[in-house]
Amino acid sequence: MQNAPHIPLPSRLPDVGTTIFTVMSSLAQECQAVNLGQGFPDFVGDPTLPELVHQAMLNGHNQYPPMAGVLGLREAISLKTQQLYGHAYDPVHEVTVTAGATQALLTAVLALTEPGDDVVVLEPCYDSYIPAIQMAGCRPIRVPLDAQTFRPDFDKIRQAITLRTRLLIINTPHNPSGTCWTAEEMNELANILSDTSVMVLSDEVYEHMVYDKHAHQSVVRHPELRSRSLVVSSFGKTFHVTGWKVGYVLGPQALMSEFRKIHQFNVFTVNTPMQMGLSTYLGNPKPYLELPLFYEEKRNHLRQGLQSMPFELLPCEGTYFQCVRYKTQDWHQAPEHDADFCIWLTRKVGVTAIPMSAFYTSPTRSQVIRFCFAKQLKTLDEALHRMRQYLAS
């Protein structure tokens, strides 16, 4: 059999390998570690939702839905947004259902930019942002969040914006740090952008996970920002069904029209019975209104257990992630770098976390790691037990 001829294969993402989430989850499985790394629940959500999806299948809703999504679901999303943030998007022209948030983010970047544009990103950030910008042929302009608090530095944001800047990506509640933007910070961003043509892509997939009785500060609340923004959210995060990969995008008609041009050739449309089930399920706001208290209990449980360990607990205002700083000397001379520390923690202690450096594109020295608390309490307790046991040995 002849060898195939050598064909040069240029890479669109030459510096990208397998994501840290896949790597660490595989290592967790190999080592039988408690996986507090990748952000997904290990519990079953409300059985009512899959029952509604099943009923939709039985009722024959198994063919293509409209490209922008089932109208009933878009209407329910618009009503929910109005009730929470005071603005009703037109469900016909300003709401689009997507195949999860990651598809929505890539589609938005492709729709709102042209090759050669600058796109401002606040680091650390979710790992799909930079590759999406690069696939669009744009230049990512990385602006660091405050190294201690992970809050936006508006002087640096202002300096990063030039005539080449087309788009700014923000994320609140913020993955990985768990910080949430305040109303004052949204006002400051609006002031910076008011005399520019810069658009905003606002990743708000953890919108219903804001704690201590604080309100989520969506860009939807702010007319200046709303008029130039596409907003992304996720049913997978909200209803504990991350594997369903159903999300949505909100935006003014001019921006949404461009988004749908890309969306129709990207995925065209999204699973029909799931959309039908979700449209009915959204009629009851209780599941998402009660979500802050549900996850706040888990956050507090994990924080209480970690307080007795040699960690500095960082504030967790939202998301379902708790970040901590460590000192290697407190962990029997564990590796210093956070990526090595997480591998060591998985192999030696039997608990998996994600290193903060994975959320930067440039090599970064960090001693911060991220735990996911979207787990059963018994899962969190087992992770805490293993760490206590190691420290006592």
Side-chain angles (χ1 to χ4, degrees), residues 67-69 73-74 77-78 80-82 84-114 117-122 125-126 128-133 135-136 138 140-141 157 161 165-175 181 186 189-190 192-194 196-207 216-238 245-267 269-270:
M67 178 268 287
L73 178 55
R74 286 183 278 150
I77 292 168
S78 178
K80 165 180 170 285
T81 305
Q82 181 182 27
L84 290 174
Y85 310 129
H87 177 73
Y89 286 91
D90 175 6
V92 175
H93 298 110
E94 299 182 327
V95 182
T96 301
V97 180
T98 62
T102 302
Q103 179 253 311
L105 292 165
L106 173 59
T107 303
V109 172
L110 291 170
L112 299 183
T113 64
E114 296 179 346
D117 287 339
D118 285 354
V119 179
V120 174
V121 182
L122 310 182
C125 65
Y126 181 56
S128 83
Y129 295 174
I130 301 295
I133 294 165
M135 283 189 282
C138 298
I141 305 298
I157 292 174
I161 293 174
T165 307
R166 179 65 63 95
L167 183 66
L168 167 68
I169 302 178
I170 66 172
N171 174 209
T172 181
H174 181 251
N175 176 20
W181 281 47
M186 286 292 180
L189 180 63
I192 291 172
L193 299 183
S194 61
T196 76
S197 58
V198 175
M199 292 171 286
V200 176
L201 176 54
S202 186
D203 179 353
E204 303 183 16
V205 299
Y206 298 100
E207 62 174 318
H216 169 55
Q217 296 302 319
S218 173
V219 298
V220 179
R221 296 181 186 273
H222 200 294
E224 168 65 39
L225 294 176
R226 184 175 68 234
S227 67
R228 62 174 73 226
S229 297
L230 288 179
V231 183
V232 176
S233 193
S234 165
F235 290 121
K237 296 292 192 298
T238 300
K245 298 296 294 177
V246 182
Y248 61 89
V249 176
L250 308 167
Q253 184 174 349
L255 301 188
M256 189 59 72
S257 176
E258 294 304 313
F259 180 91
R260 289 180 179 179
K261 290 178 184 179
I262 307 296
H263 174 78
Q264 67 184 336
F265 297 117
N266 188 328
V267 295
T269 192
V270 178

Open item on the list: Please identify which of these residues, I262, T107, L255, meets the side chain to side chain contact (heavy atoms under 4.5 Å, CB included) condition with L112.
Closed with: L255

Task: H263/Q103 under side-chain contact (heavy atoms from CB on, under 4.5 Å): CA gap, chis, key distance, verdict - done: CA-CA 9 Å; H263 174 78; Q103 179 253 311; 3.2 Å; yes

Open item on the list: How long is the straight-line distance from CD1 of I170 back to CG of L225, given to the nearest 0.5 Å?
Closed with: 7.0 Å

TODO: Measure across V249 and A104 and return the closest heavy-atom pair with its distance rounded to 0.1 Å.
DONE: CG2-CB, 3.5 Å

- [ ] Taking all non-hydrogen atoms of both residues into account, name the closest pair between V220 and R226 and its distance.
- [x] O-NH1, 2.7 Å

- [ ] Under the salt bridge (Lys or Arg N to Asp or Glu O under 4.0 Å) rule, collect the residues that match up with E204, sequence neighbours excluded.
- [x] none

Task: Sub-4.5 Å side-chain heavy-atom contact between T165 and I141 - done: no

- [ ] Report yes if the side chains of N171 and L122 come closer than 4.5 Å at any heavy-atom pair, otherwise no.
- [x] no

- [ ] First locate atom CD1 of I169, then atom OG of S128, and finally report the distance between them rounded to the nearest 0.5 Å.
- [x] 8.0 Å

Open item on the list: So, taking the atom named CG in L73 and the one named NZ in K80, what distance separates them when rounded to the nearest 0.5 Å?
Closed with: 10.5 Å

- [ ] Check whether any side-chain heavy atom of V198 lies under 4.5 Å from a side-chain heavy atom of I192, and answer yes or no.
- [x] no

Open item on the list: Working note: F235 + I77, criterion side-chain contact (heavy atoms from CB on, under 4.5 Å); need CA distance, chi angles, decisive distance, verdict.
Closed with: CA-CA 11 Å; F235 290 121; I77 292 168; 3.8 Å; yes

Task: Qualifying salt bridge (charged side-chain N to carboxylate O under 4.0 Å, His left out) pairs, either residue in residues 94-114, two or more places apart - done: E114-R166

- [ ] Taking all non-hydrogen atoms of both residues into account, name the closest pair between S233 and A101 and its distance.
- [x] O-CB, 4.5 Å

Task: CD1 on I133 to CG on L105, rounded to 0.5 Å - done: 10.0 Å

Task: Close side-chain approach of V270 to K245, heavy-atom, < 4.5 Å - done: no

Task: Plane angle bin for Y129 and Y126 - parallel if under 30°, tilted between 30 and 60°, otherwise perpendicular - done: perpendicular

Task: Closest approach of S78 to P91 (non-hydrogen atoms, all atoms of both residues) - done: OG-CD, 4.1 Å

Task: Nearest-0.5 Å distance that lies between atom OG in S229 and atom CG in L167 - done: 9.0 Å

Open item on the list: Aromatic contact between H216 and Y206, with the criterion being ring centroids under 6.0 Å apart: yes or no?
Closed with: no

Open item on the list: With heavy-atom distances below 4.5 Å as the criterion, would you say the side chains of L189 and L168 are in contact?
Closed with: yes

Task: Distance-only donor-acceptor check, side chains Q217 and H222, under 3.5 Å - done: no

Task: Validation row: T196, R228 side chains within 4.5 angstrom (heavy atoms) - done: yes

TODO: Determine the minimum heavy-atom distance between Y248 and T98, stating which atoms define it.
DONE: N-OG1, 3.5 Å

TODO: Starting at CG of D90, measure out to CE of M256 and round the result to the nearest 0.5 Å.
DONE: 10.0 Å

Task: Within-4.5 Å side-chain heavy-atom neighbours: T172 and M186 - done: yes

- [ ] Locate the shortest heavy-atom distance separating V97 from R74; write the atom from each residue and the value.
- [x] CG2-CG, 4.1 Å

TODO: Could you list the residues that satisfy side-chain contact (heavy atoms from CB on, under 4.5 Å) with A132, not counting sequence neighbours?
DONE: L106, V109

